[in-house]
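All heavy atoms count here, side chains included; hydrogens, waters and symmetry mates do not. Whatever order the structure lists ligands and atoms in, that order sets their numbers, starting from 1.
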Amino acid sequence: MDESQEDYESSLNDQTGTDMLGIDFAALLAQHPVYPFNASSTSPLGNIDASSSRLRRSRDTWEALRANFRFPESSPIWLANGLPPPVGPDLCFTLCHTKEKLCSQDVARLTDRTSQANPTLMSPMCRTPLPLPFYATIGYSQAGSTFFADAITLHRNIRPACRKEIHFFDHTMYSSSQKYANRKRSYFNIRSYLFCLRGAGMSPLPSNALVGDNTIKSIYVDAWQPVWLKAINPNIKLMVLLRNPVKRSYSRYSMKGGSHICRQYLATDPGVCNNNFDSYVPLMIDFIAKKCPQLVPRGDPSAAYTCASGGAAGREDVDTIVASLYDHHLRHWLNFFSAENFLLIESDKLFKEPLQEINRAINFLGLEGFDAASFRRVEARSKPRTNSHTSKAPKPKAETMELLANFYAPHIEALRDLARTHFGINSLSLEF
Ligand SMILES: Nc1ncnc2c1ncn2[C@@H]1O[C@H](COP(=O)(O)OS(=O)(=O)O)[C@@H](OP(=O)(O)O)[C@H]1O
């Protein structure tokens with residue numbers, strides 16, 4: 001366990017009180033044209049009254065949530081694997097219902113954070129300012145995110161968090177798997193999250209240092225991610241790495257060991273999957289067409305969450321084929337943030353022109369970029385390509401890649417339209 005891990009692990013022991021963070025979700029949602037999600041028959045919101053006594057301050061907020069925002073029952077957020085479903089105030093679980101007792105000045109500080117360039121939450125217990133995320137790299141896994149996170153966190157004004165991906169707001173914190181058992185405990189309150197974000201043990205955070213979160217699944221794991229991030233820092237700078245979806249999906253599949261995905265979700269007969277990408281792709285495309293017909297370009301953006309996460313397309317597919325539907329995800333996030341909050345980076349450009357693209361990201365954060373000499377040192381210290389998942393994987397057939405490319409083609413076109421209209425980008429290539 002490293003020093004910073006110990007810090008936030010031990011921080012769990014001195015928590016008292018059950019105050020709320022005071023985030024005004026009602027106001028947050030009222031500002032945004034949030035479409036109702038496609039909730040299935042019985043909504044978990046039916047359980048609201050059971051926990052109404054705990055609502056108190058957030059009653060109005062909750063009513064607004066109930067009126068305006070319907071959760072997909074299939075969201076991983078409900079699939080709490082052993083934890084009770086997040087009903088009532090627990091809906092705003094990690095965010096509002098921190099175990100830490102916050103004094104009123106803290107709440108004032110937090111709610112006034114829009115005016116602060118580098119917002120912090122002053123913790124009365126640890127007596128240090130805990131920084132809120134200034135930026136988040138929200139997507140995508142298998143798009144060069146390790147190299148990207150390594151490179152930007154080597155900038156002198158950026159403090160790396162305790163780990164690359166914190167996964168505070170996503171379903172992994174609910175996972176029952178051993179791997180996440182400790183994290184589930186560690187990250188269950190916002191203070192431990194902020195501790196992790198702050199990184200570097202107890203060493204003071206320089207006043208000019210920025211912190212950020214590189215949980216690169218955020219954009220696709222569930223529809224609630226932008227709500228949490230918006231609540232915690234409405235000015236947060238969001239960076240999105242976009243790789244050609246065929247390459248990304250193949251890389252993801254190679255990383256996860258696809259036969260398991262195939263057997264579990266597509267076929268009861270393990271032989272059908274034959275342990276390779278070539279058999280997985282046609283089965284999955286067929287499966288998506290049958291089970292998620294609403295996953296069409298320019299369709300309801302919430303479909304990418306409701307279809308993918310709930311078993312229709314299979315949980316693991318969240319990370320493979322459906323996760324590469326960038327157009328759906330971005331349109332969803334644009335309901336919460338304006339285009340100025342985003343920086344889109346093409347992975348292929350990042351791989352070809354790393355200095356230029358990393359500096360674009362650094363400048364986007366308001367910092368001065370690397371010069372060529374210091375960037376050479378960055379490259380030497382970071383780990384480009386070390387996490388290639390495809391280099392040792394069986395090569396897929398050309399027709400498999402073509403099938404996948406055809407599946408993604410209209411989505412890429414929709415993404416190009418979106419890049420043009422919202423971001424003024426006319427040259428999105430996503431080359432294959
Ligand atoms: N600098 C550079 N140049 C070329 N290619 C690079 C570079 N950095 C990362 N990569 C490729 O990106 C893929 C890994 O992406 P991630 O780091 O996001 O993967 S992970 O989500 O952390 O597992 C992985 O792709 P595949 O090889 O297709 O699996 C890496 O090879």
Side-chain angles (χ1 to χ4, degrees), residues 135-154 160-167 170-172 179-180 183 212-221 225 238-258 260-261 276-278 280-281 316-326 329 343-362 370 372 375-398 400-401 404-405 408 429-432:
Y135 74 88
T137 311
I138 54 174
Y140 278 89
S141 57
Q142 283 70 49
S145 61
T146 309
F147 170 61
F148 183 77
D150 275 356
I152 60 168
T153 52
L154 282 167
C162 68
R163 52 170 55 90
K164 174 194 165 205
E165 296 171 42
I166 309 182
H167 291 286
D170 70 40
H171 64 274
T172 45
K179 185 174 166 196
Y180 291 110
R183 290 189 193 185
D213 189 335
N214 293 299
T215 303
I216 34 84
K217 283 178 164 192
S218 304
I219 198 164
Y220 64 80
V221 284
Q225 303 292 314
L238 303 167
M239 298 192 276
V240 187
L241 299 168
L242 298 168
R243 190 178 186 196
N244 175 279
V246 177
K247 287 185 190 166
R248 199 209 80 90
S249 301
Y250 172 49
S251 176
R252 180 73 199 179
Y253 181 90
S254 306
M255 177 192 180
K256 292 294 279 185
H260 146 78
I261 299 171
N276 65 43
F277 197 56
D278 293 325
Y280 169 78
V281 168
E316 284 301 335
D317 190 62
V318 172
D319 284 335
T320 48
I321 294 185
V322 178
S324 306
L325 295 176
Y326 313 136
H329 304 140
L343 179 72
L344 307 186
I345 297 170
E346 287 198 56
S347 303
D348 277 297
K349 285 193 189 146
L350 174 69
F351 300 157
K352 279 186 201 137
E353 302 275 357
L355 175 59
Q356 178 191 305
E357 293 302 295
I358 293 291
N359 277 349
R360 213 157 65 79
I362 300 280
F370 292 104
F375 193 69
R376 271 195 294 280
R377 286 195 291 278
V378 166
E379 283 192 295
R381 286 175 65 186
S382 57
K383 302 175 282 258
R385 300 197 65 89
T386 47
N387 57 345
S388 171
H389 308 299
T390 53
S391 55
K392 294 196 185 94
K395 294 282 160 259
K397 290 182 189 152
T400 304
M401 297 310 238
L404 207 46
Y408 283 126
S429 130
L430 290 185
E431 65 188 40
F432 181 47

Among the heavy atoms of Lys164, does any lie under 4.0 Å from an atom of ligand 1?
-> yes
Is the closest N or O pair between Thr390 and ligand 1 shorter than 3.5 Å?
-> yes
Can a cation-pi geometry be assigned to Arg243 and Phe147, taking NZ or CZ under 6.0 Å from the six-membered ring centre and within 45° of the ring axis?
-> no
Lys/Arg N to Asp/Glu carboxylate O, Glu379 vs Arg376, below 4.0 Å | no
Tyr140-Ser347 side chain donor-acceptor pair, cut-off 3.5 Å | no
Between Phe277 and Ser249, what is the shortest heavy-atom contact and its length?
-> CE1-O, 4.1 Å
The atoms of ligand 1 lying under 4.0 Å from a heavy atom of Ser251, numbered in the order shown, are 25 (O), 26 (P), 28 (O), 29 (O)
Is any N or O atom of Ser145, backbone or side chain, closer than 3.5 Å to an N or O atom of ligand 1?
-> yes
Taking the side chain as C-beta and beyond, is there a heavy-atom pair between Tyr250 and Lys395 under 4.5 Å?
-> yes
Could you list the atoms of ligand 1 found under 4.0 angstrom from a heavy atom of Ser141?
-> 18 (O), 21 (O)
What do you reckon, does Gly144 have a nitrogen or oxygen under 3.5 Å from a nitrogen or oxygen of ligand 1?
-> yes
Side chain proximity check, Tyr280 to Ile321, heavy atoms < 4.5 angstrom | yes
If you look at every heavy atom in Ile216 and Glu165, which pair is closest and at what distance?
-> CD1-OE2, 3.5 Å
Polar-atom distance check: Ala143 versus ligand 1, any N or O pair below 3.5 Å?
-> yes
Just which atoms of ligand 1 are under 4.0 Å from any heavy atom in Phe147?
-> 1 (N), 8 (N)
For Ser391, is the nearest heavy atom under 4.0 Å from an atom of ligand 1?
-> no
Best match, Arg243, Gln142, His389: closest heavy atom to atom 25 (O) of ligand 1 = Arg243
